[in-house]
Novice: 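Pasting in a structure now, in structure tokens, and then I'll have a few things to ask.
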Amino acid sequence: MSTAFASRVEAIKPSATLAVSQRAAELSAQGVDVISFGVGEPDFETPAHVQKVAKEAIDRGTSHYTRVRGIEPLLAAIRDESRRRRGGIAHETSEIIVSVGAKHALFNLAMVLYEPGDEVIIPAPCWVSYPDQVRLFGATPKILRTEESDGFRLRPDALAAAITDRTKALVLCSPSNPTGAAYTKEQLRALADVAKDKGDFWIIADEIYGELVYDGFDQRSMLEVAPELKDRLIIVDGVSKTYSMTGWRIGWTLAPAKVVKAMDKIQGQSTTNPTAVAQHAAMAALLGDKAPIEAMRDAFAARRRVFVAGLDSIEGFSCRAPEGAFYAFPNVQALIGRKANGIELTDDLAISRWLLEEARCAVVPGSAFQAPGYLRLSYATSMEKLEEGLKRIREAVARLE
Ligand SMILES: Cc1ncc(COP(=O)(O)O)c(C=O)c1O
């Protein structure tokens, strides 16, 4: 007999990014004027036409279970949109499953694929949930640190050296959370060549930020670059970031039918279908007017220019220009060892705490993404807040001893 929790609860940590936004929210609730650069979501409203379709769906009585992996017209809209974005290469609707956000899609995938003894290659800096989702199922995340000098991109020789008989999957996120770095066509091709030569394992391409690239960056999907790997390629995507629909919780997986079938089985025993109304909203986003999306992307592009240059000009900060997403990822190693009010800034965690207390700016320490010595700042906030935040950080740095 036992009332103990399963050991898997201890195997993982609470999401560090959520912890920062919670602390910032606590301070705000106490009346402290905190600028949050912590959140990973667009600050725009979901486009009005999407909201309208969702309201109409409610009025029509869209209030019942749907098929577990999503309604057919949504699957068809995802198929068509994916074909447009991925070099004309299409998936069948039997190769698509809609889940409760891209995170849920990745979680289902982890449940389907990973077990003790498996290794999952994850280039770092990486999104917080990848390693923990691997650990939850008893497998081992094999974190491969990438270098800022390589643009935070995994080198083909590093990938080749990391592959073993136990390799189950490689998780690639482009553009990346947290660095905003994106792989060029040639860089993806070089990784695909290694994956091809080295035998069988899954390639999981998280392309959730695929529509958010700037300065004319030529964004390509792994599917388009290496179509011959389609039977080993699993693409995760969704409406959260592109359409500013984080709260609607709709994400999806494009994968070989056998993977979709296995995920469907798991999802059928947990959430069943994603919320019916949200499925209609996602369909409206995919099929409807893209002007609001373009306006959002233009706003991100303008903010990125100001914010990245601003951070880079602050003493102790060095900030690479990211190709995509909405994050700046400055190197703050030069601040380590400096003192604030007599207390040494020993690492990026200490720097984040200091920025929250002294500059009233919430940022996420790079350690949360397996990248000590860096910070992640989301620029999905207004230009006024970005400028005010830069000013506060600059002033706090000037007060350092
Ligand atoms: C790289 C990456 N993948 C997946 C997700 C999850 O997206 P969703 O909100 O659709 O679950 C996020 C959200 O932060 C992300 O940054």
Side-chain angles (χ1 to χ4, degrees), residues 14-21 36-44 46 50 70 74 78 81 96-110 120 122-134 141 143 146 152-154 169-183 203-213 219 221-222 234-254 263 267 270-271 274-275 278-279 281-282 285-286 300 322-329 364 366 368-371 376-380:
S15 163
T17 43
L18 293 182
V20 172
S21 32
S36 180
F37 297 115
V39 289
E41 62 176 343
D43 55 319
F44 300 94
T46 296
V50 173
L74 173 57
I78 293 168
E81 172 74 359
I96 304 171
I97 174 168
V98 183
S99 301
V100 186
K103 189 184 269 184
H104 183 222
L106 287 157
F107 188 90
N108 282 345
L109 263 177
V120 179
I122 304 173
C126 62
W127 182 49
V128 287
S129 296
Y130 297 144
D132 279 336
Q133 288 186 345
V134 172
I143 311 278
T146 62
F152 294 116
R153 299 170 184 110
L154 178 61
L170 159 70
V171 182
L172 269 188
C173 182
S174 178
S176 151
N177 177 3
T179 63
Y183 290 80
I203 300 155
I204 300 175
D206 183 341
E207 299 183 353
I208 190 110
Y209 295 99
E211 292 273 61
L212 294 173
V213 291
Q219 168 66 17
S221 168
M222 187 54 120
I234 299 171
I235 298 171
V236 174
D237 204 341
V239 289
S240 297
K241 315 288 178 176
T242 313
Y243 299 95
S244 199
M245 291 179 68
T246 45
W248 296 84
R249 311 307 303 132
I250 296 287
W252 53 80
T253 308
L254 305 147
M263 290 175 73
Q267 191 162 301
S270 52
T271 58
T275 305
Q279 292 188 56
L286 291 172
F300 283 145
E323 289 77 16
F326 38 67
Y327 306 106
F329 201 67
V364 189
F369 311 100
Q370 319 279 336
R376 190 195 75 174
L377 294 91
S378 161
Y379 52 83

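This chain uses plain numbering: 1 for the first residue, then up along the sequence. Counting starts at 1 for both ligands and their atoms, in listed order.
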Novice: Once you round to the nearest 0.5 Å, how far does CD1 of I250 lie from OH of Y243?
Specialist: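 I250 CD1 to Y243 OH: 13.5 Å, rounded to 0.5 Å.
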
Novice: Between E323 (side chain only) and A182 (backbone N and O only), is there a donor and an acceptor less than 3.5 Å apart?
Specialist: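 Indeed, once roles are kept as given, a pair shorter than 3.5 Å links the two residues.
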
Novice: Tell me, do S129 and L106 make a side-chain contact under 4.5 Å, heavy atoms counted?
Specialist: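 No, too far: nothing below the 4.5 Å cut-off.
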
Novice: Would you give the length of the straight line joining atom CD of Q279 to atom CD1 of I78, rounded to the nearest 0.5 angstrom?
Specialist: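 Interatomic distance, Q279 CD to I78 CD1, rounded to 0.5 Å: 8.5 Å.
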
Novice: Does the side chain of F329 come within less than 4.5 Å of P125's, by heavy atoms?
Specialist: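 In short, these two side chains touch, coming nearer than 4.5 Å.
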
Novice: For V213, give me all partners under side-chain contact (heavy atoms from CB on, under 4.5 Å), at least two apart in sequence or on another chain.
Specialist: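 Partners of V213 by the side-chain contact (heavy atoms from CB on, under 4.5 Å) criterion, ordered by chain and then number, come out as P175, F217, Q219.
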
Novice: Protein N/O near ligand 1 N/O, under 3.5 Å, which pairs?
Specialist:
residue, atom, partner, partner atom, Å
ligand 1, 3 (N), D206, OD2, 2.6
ligand 1, 9 (O), S240, OG, 3.2
ligand 1, 9 (O), R249, NH1, 2.8
ligand 1, 10 (O), A102, N, 2.8
ligand 1, 10 (O), S240, OG, 2.7
ligand 1, 11 (O), A102, N, 3.1
ligand 1, 11 (O), K103, N, 2.8
ligand 1, 11 (O), R249, NH2, 2.7
ligand 1, 14 (O), K241, NZ, 2.7
ligand 1, 16 (O), N177, ND2, 2.7
ligand 1, 16 (O), Y209, OH, 2.8

